[in-house]
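Counting from 1, the numbers follow the sequence of the chain as shown. Predicted, not measured: the structure shown is a model, and the values here were computed from it. Worth knowing before you read on, the calculation uses all heavy atoms, side chains too, and leaves out hydrogens, waters and symmetry mates.
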Amino acid sequence: MHLMKVALLLGAALAPLALAGAVQAQEQDARSAEPVRIEDVVVTGDIVFRNRTAEANPILSYDLEYFQRFEPVSVGEMLKRVPGVTFTSDVLEFDGVSMRGLPPGYTNVLINGRRAPGGEDDGAFFVDRIPAELVERIEIIRSPRADQPSDGVAGALNIVLKEGAQLEGGVVRGGVLVNEDGEARGAGSVAWAGGTDNTSLWVALNYQGRRNPKEKRSERYDDDPANGGALDNIELQDDTRDGEDLSANAEFTVRFDNGRLRFNGLAVDTDRDEDETSLTYVDNGSGVFDELDETEVQAERISQQTYALGMDGEFDVGPGELDFKAGWSGFREDSSSRTDVADPGDPLELDEYVELDITDDEYEFGAAYTLGEGAFRLKFGADYLIKERDAAEVEFDISGGMVDDPDPEPGAIYRIEETRLEPFVRGTFELSPALTLDVGLRYESMDREVTSDLGTAESDASELFPSAHLTWSPTSRDQFRASWARTQRRPDYSFLAPYFADEEPGDEDGLQGNPLLESEFATGFDLGYERRIGRRGVFGVNLFYREIENLIELVDTGLEVNEDGDPPAAGDDVYNLFEPRNIGDGTTWGVEVDFSAPLDFVGLPETGVFFNYTWLESEVVDPWTGVERQFRNQPSNVYNLGFIQNLPSWGASFGASLYGRDEGYESGLDELVEVEYDQDLEAFVEKRFGDRIVVRLSAINLLDKEKRETFWKYDGDSVEEILDNRANGDLDEFELESERSGVLYQLTVRATF
């Protein structure tokens, strides 16, 4: 089975090379840079710091070497060390990236500058599925230019994959990850880059085993213990996530005397098992909670694939430069989840079985033409995107403890088709050698069709997205930036699907999807300063502000319906109809500080230090309570600090990094949740053997951090009753939940050839 997957992955990743083989190279472009030998970036005693970019808009760039010594498994683990990024995942899980404290759907994830479709309802892409080994660099786009997508209210994350034009040589890696309980999972990869005077090729294949055993404890009370609440039950959970990722990517570039043509491919296959056993205990009558009340076993089997095939080119044509691109990105998921329960003394019996199938395809085409050099440059072009999403989340009937016929909710099987045409124009003015102004306008025309068994709904929209970026460099070391841009966040897929669910959000309510929802829009400002410290160090500070309008909230329509969403007839159960609409506004702002430099100014050139800190604040009116609060689970601060110490005479290095954030709050209709995380300490030690072999031992979660959640839960038969109980502090249940996973060790050997 593994051999078949490897063959399929390589086939998908290498598909563009078949087309590239028909391209005849001419004279090498004199503008291309010499590739770097792989041993110079894999086996090195240099400390790599954050890059300072020359782009017109604010972009932070981090090469893989900035992260590599801590041996991140995935892009998610890499992002712990960049400013303003946090996660709301479980312990040792880094999937849905949250930039500037906003939920994952507010961040636009790109791979090589193109959107990465994912299976998440809010359109987010789980970054823990991209292996770190394939990455050349990570770019944090704080504010977009006109020639970049308008998605990403919080910002955009661009994952740039390795390519042969930048590297030369081969590298093989082998490793093992060991959990606290002694269970081990293997890892390995092989990659090669090379070419001729006018061609370059990169090919890589990667295998990564991963395992995360977690322990959870929940204590549930009939009221807040601070108000005299009594303990009702204790639940103990063993939750183990065990899986493997197979991935491959390839890139082929042909250089001509007037430009270049590039082909690339990526394929990632993830198989993951999530098994959770929950034992609930109650009072045995003597005040000791050791009497088993219920056993519940959940088993989720997840199969996901991500694909990306693309080509792009840049050529001198006439008085200017023509660039173009074409690509396809796809996401597939085929997963199942089953729940078995048992009372004390009884065997487990199937209680629930659900299957999830998602097929996501995006086709993108674009072209642009740039005129002028020096003091004025004009770029104009257009991007065209076709998106198709088929999704089905189906619950099955249970008969005699066995899975019976599928019983999907109305609208649970749906299709979304969307086309976007986005022309843009961008002008860059060098007002003086130290002052540059970049202004532009992007226009989006969108047509959307949502289809389910409940019918078809069509909608369209047209929006303008202006942007302006000013850069002032009074000295070679100092740089000031000011940016303004309009961005957007698109609606959740489930809100667009015209489904109807009875007893949602309350028992006497019904929830209807709304395919006519519009995007949320934000006007954003960024003001930043950077200073180069010595030859390699950098200090930066950035202030940002986002004013968001058109927030999507659930609204009571004032209508009454029956269990099918139709007008009620005599004898029908009656539900108050709710649906998502664009009604809210919110603002968020903060300060981002980052510093990375060698301590050569105090006589320690082989010591590098890293530090970033982000302070966050926001205001949004809760749609249920009407009370002003922060955005969902937004912390007030996020920070990371660390060091790397080189020992040149020993051919060795070591270092450590500490990551942390403060608490956040999640407010829903019937509950309020406080989420807290302990600090996360990671460290490494490495030994280099010559200039071709490096052995590295790393460890994460050295402080055995906990995730703690406090739940205030309210009950009622309707939204009105739930809100009344909430306003009066009438709790239905108070819960304390904690989760831990233990230390994870990793031993890795890399050898170049």
Quick one: pull up [atom1] in [X] and [atom2] in [Y] and give me the separation to the nearest 0.5 Å.
X    : Y    : atom1 : atom2 : answer
S336 : R301 : OG    : CZ    : 7.5 Å
R740 : D704 : CZ    : CG    : 4.0 Å
R241 : I302 : CZ    : CD1   : 8.0 Å
Q488 : N550 : CD    : CG    : 10.5 Å
E395 : L356 : CD    : CG    : 13.0 Å
R629 : L672 : CZ    : CG    : 9.5 Å

Between [X] and [Y], is there a donor-acceptor pair closer than 3.5 Å when you use the side chain of the first and the backbone of the second?
X    : Y    : value
D724 : E720 : no
D151 : N108 : no
Y575 : L511 : no
E739 : V91  : yes
D122 : A124 : yes
D128 : D95  : no
R726 : L669 : yes
D732 : Y714 : no
D90  : E93  : no
R708 : V675 : no

Exercise for review: Just do the side chain to side chain contact (heavy atoms under 4.5 Å, CB included) check on L157 and I140 with the steps written out, would you?
Suggested key: CA-CA 5 Å; L157 164 68; I140 306 297; 3.8 Å; yes

Hey, is [X] close enough to [Y] for a salt bridge, meaning N to O under 4.0 Å?
X    : Y    : value
R546 : D526 : yes
D334 : R332 : no
E418 : R389 : no
K214 : D239 : yes
R81  : E682 : no

Can you see which heavy atom on [X] is nearest to which on [Y], and at what distance?
X    : Y    : result
V82  : N612 : C-ND2, 3.9 Å
V719 : F578 : CG2-CZ, 3.4 Å
S667 : D622 : OG-OD2, 2.7 Å
P635 : L616 : O-CB, 3.4 Å
V153 : A522 : CG1-CB, 3.6 Å
I552 : E520 : N-OE2, 3.1 Å

Checking side-chain polar atoms at under 3.5 Å, does [X] have a donor or acceptor matched by the opposite partner on [Y]?
X    : Y    : result
Q298 : E300 : no
R129 : T306 : yes
E219 : Y221 : yes
T557 : E579 : no
T86  : Y659 : yes
D242 : T240 : no
N582 : E518 : no

[Y] and [X], any side-chain heavy atoms less than 4.5 Å apart:
X    : Y    : value
E355 : F396 : yes
L554 : W624 : yes
R100 : E592 : yes
S74  : R210 : yes
S337 : E393 : no
Q679 : K705 : no
I583 : V555 : yes

Exercise for review: Mind running side-chain hydrogen bond (donor to acceptor under 3.5 Å, both in side chains) on S738 and E706 for me, showing each step along the way?
Suggested key: CA-CA 7 Å; S738 62; E706 278 192 354; 4.7 Å; no

**Study point:** Candidate list D390, T456, T451, test side-chain hydrogen bond (donor to acceptor under 3.5 Å, both in side chains), partner R415, passing option
**Key:**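 Passing option: D390.
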
Check your understanding: Should the heavy atoms of other residues, nucleotides or ligands under 6.0 Å from CD of E547 be counted, would the total exceed 12?
Key ->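 No, because the 6.0 Å sphere around CD of E547 holds 12 heavy atoms or fewer from other groups.
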
Point to revise | Working for side-chain hydrogen bond (donor to acceptor under 3.5 Å, both in side chains), residues E235 and S278 | key: CA-CA 7 Å; E235 182 180 359; S278 301; 3.1 Å; yes

Point to revise | F631 and Y106 aromatic ring geometry - parallel, tilted or perpendicular at 30°/60° bounds | key: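 Ring orientation of Y106 relative to F631: perpendicular.
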
Practice item. Start with the C-alpha distance between F94 and V127, add both sets of side-chain angles, then the distance that settles side chain to side chain contact (heavy atoms under 4.5 Å, CB included), and finish with yes or no. Key: CA-CA 7 Å; F94 306 97; V127 291; 6.0 Å; no

Point to revise | Trace of the side chain to side chain contact (heavy atoms under 4.5 Å, CB included) decision for F87 with Y677 | key: CA-CA 10 Å; F87 297 86; Y677 294 84; over 6 Å; no

Practice item. Decide side-chain hydrogen bond (donor to acceptor under 3.5 Å, both in side chains) for S741 and N212; before the verdict, give the C-alpha distance in whole Å, the side-chain angles of both, and the deciding distance to 0.1 Å. Key: CA-CA 7 Å; S741 183; N212 185 15; 2.4 Å; yes

Review point. For K713, which of E737, E671, E735 qualifies under salt bridge (Lys or Arg N to Asp or Glu O under 4.0 Å)?
Key: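 Exactly one pass, corresponding to E735.
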
Practice item. Could you walk me through whether F521 and T487 pass side chain to side chain contact (heavy atoms under 4.5 Å, CB included), step by step? Key: CA-CA 6 Å; F521 300 103; T487 53; over 6 Å; no

Check your understanding: Should F544 and W589 be marked as a ring-ring contact (aromatic ring centres under 6.0 Å, His included) after you check the CA-CA gap, both sets of side-chain angles, and the distance that decides it?
Key -> CA-CA 5 Å; F544 73 89; W589 62 95; 9.0 Å; no

